[in-house]
2 protein chains.
Amino acid sequence: MKILIIEDEKELAYAMGAYLADENYLCELAFTLEDARQKLACHTYDCVLLDLMLPDGSGLDLLATMNHQQRLEGVIILSAKNSVEDKVKGLQLGADDYLPKPFHQSELLARIYSVIRRKNFNNLNTVQFEEIEINLLSKNVKVNDQEINLTRKEFDLLVFFISNKNKVISKSALAEYLSGDIADMFDNHDFVYAHIKNLKKKLLEVGGNNYLKTLYGVGYKWEK
Amino acid sequence: MKILIIEDEKELAYAMGAYLADENYLCELAFTLEDARQKLACHTYDCVLLDLMLPDGSGLDLLATMNHQQRLEGVIILSAKNSVEDKVKGLQLGADDYLPKPFHQSELLARIYSVIRRKNFNNLNTVQFEEIEINLLSKNVKVNDQEINLTRKEFDLLVFFISNKNKVISKSALAEYLSGDIADMFDNHDFVYAHIKNLKKKLLEVGGNNYLKTLYGVGYKWEK
DNA sequence: CTTCTATGATGAGAATTTTCATATTCAAAA
DNA sequence: TTTTGAATATGAAAATTCTCATCATAGAAG
């Protein structure tokens with residue numbers, strides 16, 4: 001489970017990071033909005049801990065953007081202000097929980113666990129992208145309500161693309177994801193081509209659109 | 001592959017980060033010794049790029065600590081000084097390479113690759129159980145110094161057994177581990193039998209002992 | 001001790017995954 | 001614009017993985 005901690009009080013941020021690391025969460029820290037945006041652009045997290053007052057702006061702006069981009073991360077707002085307006089605004093903007101500072105580590109942990117669990121039960125079961133509907137649990141995929149059979153690798157590929165839509169994904173990242181192993185730089189990853197070809201073919205056969213753009217020399221991007 | 005860039009010239013640090021990110025390394029930046037120590041306390045990297053002259057001290061001190069703590073990271077010293085003493089001292093303190101500034105990106109890349117490779121091929125990546133020797137990186141397996149070819153699943157199975165030796169492992173745990181997916185209670189996991197059979201056969205063919213006990217109705221246990 | 005049932009083992013075949021040789025396409029250099 | 005080298009696409013073959021039918025065995029029940 002990966003957590004992004006957006007918090008400009010460095011001492012607090014490091015303390016949270018260390019504590020959560022102990023609990024086997026993978027943590028990354030962002031001390032500014034800009035830093036947070038960078039990290040969110042490159043990575044997907046399971047949960048984001050968001051301080052509202054940051055040196056370069058309000059966390060609420062970031063929250064609005066994330067909501068707008070339909071990010072899947074659970075967001076817990078950490079705020080010292082503890083104003084009702086912020087809390088309401090935060091939850092309206094799609095935050096999943098609000099934790100006033102100061103808080104106990106155990107409480108933080110409990111909230112994180114609950115947010116991740118809730119997210120998982122809401123979003124994890126089905127994912128939709130235009131005419132494509134994926135049930136992550138049963139692993140069924142429908143295109144225009146017509147069911148198609150994908151192999152495991154094709155399914156994984158589709159899910160990975162859709163959950164990273166609009167982002168550029170390198171071939172080696174795909175290789176790593178599909179093989180479930182660190183991608184050796186000096187291996188060739190031609191099997192990725194094969195699975196992409198087969199996935200494309202199956203989607204087209206049932207009248208799906210091709211959302212997968214090839215970015216020569218760079219990778220792939222799934223977008224409308 | 002994760003790289004920690006310890007470098008106080010921010011522009012250079014960002015440039016390296018961007019370049020290495022392109023090459024599919026995950027990079028983190030530290031601009032001070034303190035920052036670097038924090039990050040090293042929380043994370044493990046595959047390679048550390050270390051500038052020697054940092055605002056809050058000399059990188060050599062950090063190197064000494066890392067050496068003392070027997071950290072596994074490969075360390076490449078980046079230095080503008082290019083003094084023979086620093087180079088000697090750095091290598092004595094356990095650095096793996098020394099790259100005088102300015103350098104070309106391609107050279108940096110080559111050094112990183114070489115350092116990671118060297119680190120990875122030493123015996124830190126091998127696991128031994130009696131006559132069986134496994135290199136986790138190259139994925140070679142030797143039985144009585146004789147190399148055998150295992151498929152990916154057979155290899156994974158062997159590693160899983162040996163790293164859980166003397167413990168009882170259920171069939172569904174094996175299924176989950178091999179498939180890299182939560183094991184569906186209502187699936188049958190007969191493929192586990194197949195891989196176990198094939199692994200056993202290959203090990204016996206080269207004169208290995210059978211360390212795998214079947215616990216009827218319970219699971220398996222790897223023990224001498 | 002025998003029978004019965006569920007679990008595990010096995011071989012063969014089906015399906016999937018990966019590799020490989022070849023063709024095509026892209027973008028930089030000439 | 002044309003050429004060139006590298007990246008991507010593709011079909012088919014090779015290798016691996018999974019399924020299935022059948023057999024063997026452990027342990028419970030009679």
Side-chain angles (χ1 to χ4, degrees), chain A residues 139 141 148-161 168-205 210-222, chain B residues 22-24 106 109 139-141 148-161 168-205 210-222:
Chain A
K139 313 224 162 182
V141 176
I148 59 174
N149 275 315
L150 298 183
T151 68
R152 166 75 186 270
K153 299 283 169 181
E154 289 156 7
F155 180 86
D156 286 354
L157 205 47
L158 179 62
V159 169
F160 193 60
F161 278 132
V168 178
I169 303 170
S170 71
K171 182 162 69 118
S172 60
L174 292 169
E176 186 164 329
Y177 182 73
L178 288 183
S179 71
D181 197 353
I182 48 170
D184 185 335
M185 243 222 284
F186 295 85
D187 267 9
N188 84 324
H189 301 135
D190 288 358
F191 66 93
V192 172
Y193 294 138
H195 294 306
I196 286 179
K197 179 196 56 163
N198 296 332
L199 173 61
K200 271 182 170 173
K201 192 172 158 215
K202 287 192 183 173
L203 291 172
L204 288 177
E205 271 170 7
N210 180 21
Y211 297 111
L212 190 63
K213 312 287 182 288
T214 302
L215 305 174
Y216 186 88
V218 179
Y220 296 87
K221 188 157 135 187
W222 186 277
Chain B
D22 272 355
E23 299 291 331
N24 293 307
S106 58
L109 204 63
K139 312 224 162 179
N140 284 343
V141 176
I148 59 174
N149 274 316
L150 298 183
T151 68
R152 167 74 186 270
K153 299 283 168 180
E154 290 155 7
F155 180 86
D156 286 354
L157 207 48
L158 179 62
V159 169
F160 193 60
F161 279 132
V168 178
I169 302 169
S170 70
K171 182 161 70 117
S172 62
L174 292 170
E176 184 164 330
Y177 182 73
L178 288 183
S179 72
D181 197 354
I182 46 171
D184 186 335
M185 249 219 278
F186 299 90
D187 269 7
N188 84 325
H189 301 136
D190 288 357
F191 67 93
V192 172
Y193 294 137
H195 294 307
I196 285 180
K197 179 195 57 159
N198 295 332
L199 173 61
K200 272 182 171 173
K201 192 173 158 214
K202 287 192 183 174
L203 291 173
L204 289 177
E205 272 171 5
N210 180 20
Y211 297 111
L212 190 63
K213 312 287 182 288
T214 301
L215 305 174
Y216 188 87
V218 179
Y220 296 88
K221 188 155 130 185
W222 185 278

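The chains referred to below are lettered A, B, ... by the order of the sequence lines, with proteins before strands, and numbering in each begins at 1.
- Protein chain A touches strand DNA chain C; the 5'-most and 3'-most nucleotides with an atom under 4.0 angstrom of its non-hydrogen atoms are dT16(C) to dA27(C).
- For the segment residues 150-160 of chain A, the set of residues with a heavy atom within less than 4.0 Å of an atom of DNA chain D is empty.
- For Thr214(B), there are no side chain to side chain donor-acceptor pair (under 3.5 Å) partners at least two apart in sequence or on another chain.
- Residues passing the side chain to side chain donor-acceptor pair (under 3.5 Å) test with Tyr193(A) are Lys171(A), sequence neighbours excluded.
- Between Ile148(B) atom CD1 and Leu203(B) atom CG the span is 5.0 Å, to the nearest 0.5 Å.
- Residues passing the side chain to side chain donor-acceptor pair (under 3.5 Å) test with Tyr220(B), sequence neighbours excluded: none.
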Exercise. Where along nucleotides 2-13 of chain D does protein come under 4.0 Å, by heavy atom, of base (B) or sugar-phosphate alone (S), with - for untouched nucleotides?
Worked result: ---BBSBBBB--

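- Comparing the end axes of the helix from dC1(C)-dG30(D) to dA30(C)-dT1(D), each fitted to five base pairs by superposing C1' atoms of four pairs onto the next four, gives an inter-axis angle of 30° (nearest 10 degrees).
- Applying the ring-ring contact (aromatic ring centres under 6.0 Å, His included) criterion to Phe155(B), with sequence neighbours excluded, gives no partner residue.
- With sequence neighbours excluded, the residues forming a ring-ring contact (aromatic ring centres under 6.0 Å, His included) with Tyr177(B) are Phe160(B), listed by chain and number.
- Residue pairs meeting the salt bridge (Lys or Arg N to Asp or Glu O under 4.0 Å) criterion with at least one member in residues 191-204 of chain B, sequence neighbours excluded, are Glu154(B)-Lys202(B).
- Under the side chain to side chain contact (heavy atoms under 4.5 Å, CB included) criterion, Leu215(A) pairs with Val168(A), Val218(A), Lys221(A), not counting sequence neighbours.
- Residue contacts for His195(A): at a heavy-atom cut-off of 4.0 Å it reaches a base atom on one of the strands shown.
- With sequence neighbours excluded, the residues forming a side chain to side chain donor-acceptor pair (under 3.5 Å) with Asp190(A) are Asn188(A), listed by chain and number.
- If you take CG of Leu199(B) and P of dT16(D), they are 14 Å apart, rounded to a whole angstrom.
- Atom NE2 of His189(B) is separated from atom CD of Glu176(B) by 8.5 Å, given to the nearest 0.5 angstrom.
- Between Ile196(B) and Phe161(B) there is a side-chain heavy-atom pair separated by less than 4.5 Å.
- Expressed to the nearest 0.5 Å, how far CG of Leu158(A) lies from OH of Tyr211(A) amounts to 11.5 Å.
- For Asn149(B), the CG atom is loosely surrounded, since the number of other residues' heavy atoms within 6.0 Å does not exceed 12.
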